[in-house]
Engineer: 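Have a look at this one.
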Amino acid sequence: MFAAFALAFALTAAQPAAAQSTSPSPSTISEAAPVAVPPATPAALRYYTSGNRLWVLDQVVSIVLLAALLFSGASATLRTWAQRIGRNWFFTIVVYFALFTIVTSIITLPLTYYEEFVRQHDYGLSNQTLQKWWTDSLTGLAVTCVAGALFLWVPYLLLRKSPRRWWLYTAAAAIPFIVVANLVAPIWIAPLFNKFEPMHDKVLEAQILALADRAGIEGGRVFEVNKSVDTKTLNAYVAGVWQTKRIVLWDTIIARLNERELLFVMGHEMGHYVLGHVWQLVALSSLLILVLLYAAYKTMGAIVGRWGQRFGFVDIADVASLPLLLLVTSVFSLAITPAALALSRHLEHEADRFGLEITQTNHSAGTAFVKLQEQALANPWPGPLFKLWRASHPPLGERIVFSNDYHPWREGAPMRYADRFKK
Ligand SMILES: [Zn+2]
């Protein structure tokens, strides 16, 4: 369920440098010259292989941890504590969720610290200080607790009031929640972690706004964020809905790409914006939540019937059942992840097409991808299992090949999105 929420925020340019201003593009480059896909370096291959092993370990740890909380009776104990502290039904849920989040975060802390901090520094991908890592982690914990306090009572109320239809009503209630989360995330959540400012380079900003105008985006907002304090990788993304819709550039990507490369990346982001991808992901997340909750509805009762005595609760409307709900939904979500990621890769591919059509700078698109690959230690040709379960974007090798090969305007062939461009 939380994985599905996370998807709604994952419309990034690519996988993921200190800030300075963007270098102008050399006027001598020919945009028709193909770009070779650089082979993965030995460090990139080590990063790829160890990353896959860690991903498997993460899945196992999460499942074992949730099962242990249930079978040891620890979840029921947390609920009893929460009843004592919270007193009434609503605050029991709020306190239970806070205790659950804190306990599981402490247990997984060594692994999280290794993955997010130690490993990123080992591979030279991070600039983050330990203090920033701690502040970000604690802020993230607080945000999770607040989100839980705001929303978790809904399924538990519905579980009590409507034992047969709670999954349907909860999924319906999740839709406005996801929309509001998308609306407030860029203005209330993201600034808790980094500083968002208008673009420093006004010449570049004017070029981006001119491109946005051609893409049919009116009153577009572009922000620069100081991600160089956290990472050396490069990224840009679109976020928000309605009044909070914006394109955000990491300062690392501004520093590392030249003008044309950056404008291609902006064209890609504008593609997400114009083609309504944020809304498509909201719809996808809602559908995933519906499917996962239905799976939970079909299985949780039988599991509690079989092991309820050991769990210390017999009613799934008891908030102590939360680890079971998360366990069941995360196992089923592993099964539907390949379909969700395939759709995500399709949207990213269309955003690449949009970026190429509006800029027509094939060579610069290719060299932008090469820089993303080098800076993130990415493997341009990952294996099929990685693609199925982990790749929200087409592999960079495929993206470079596509940017070499896709140029209908040179042959006078029709473009897919040209009718959307202002002349
Ligand atoms: Zn994208």
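Note that the structure is predicted; figures quoted are calculated from it, not measured. Counting starts at 1 for both ligands and their atoms, in listed order. Only this structure's heavy atoms are used, side chains among them; waters, hydrogens and symmetry mates stay out. Here, residue 1 is the first one in the sequence, and each next residue gets the next number.
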Engineer: Indicate the ring-plane relationship of His268 and His272, choosing parallel, tilted or perpendicular according to the 30° and 60° boundaries.
Structural biologist: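 Judged by the thresholds at 30° and 60°, the geometry between His268 and His272 is perpendicular.
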Engineer: Below 2.8 Å, can you find an N, O or S atom of His393 next to the Zn ion (ligand 1)?
Structural biologist: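 So His393 does not bind the Zn ion (ligand 1) by this criterion.
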Engineer: Parallel, tilted or perpendicular: which one describes the rings of Phe196 and Phe223, with boundaries at 30° and 60°?
Structural biologist: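 Ring orientation, 0 to 90° scale: perpendicular.
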Engineer: List the atom pairs, with distances to 0.1 Å, where a side-chain N or O of residues 36-48 and a protein N or O form a donor-acceptor pair under 3.5 Å, not counting sequence neighbours.
Structural biologist:
from: Thr41; atom 1: OG1; to: Ala44; atom 2: N; distance (Å): 3.1
from: Tyr47; atom 1: OH; to: Gln120; atom 2: OE1; distance (Å): 3.2
from: Tyr47; atom 1: OH; to: Gln120; atom 2: NE2; distance (Å): 3.4
from: Tyr48; atom 1: OH; to: Gly383; atom 2: N; distance (Å): 2.8

Engineer: Can you give the donor-acceptor pairs under 3.5 Å from side chains of residues 57-70 to other protein atoms, not counting sequence neighbours?
Structural biologist:
from: Gln59; atom 1: NE2; to: Trp55; atom 2: O; distance (Å): 3.4

Engineer: Of all N, O or S atoms in Glu348, identify the one at the shortest distance from the Zn ion (ligand 1).
Structural biologist: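 Minimum-distance N/O/S atom of Glu348 relative to the Zn ion (ligand 1) is OE1.
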Engineer: To make sure I understand the geometry: which N, O or S atom in His272 is closest to the Zn ion (ligand 1)?
Structural biologist: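 This turns out to be NE2.
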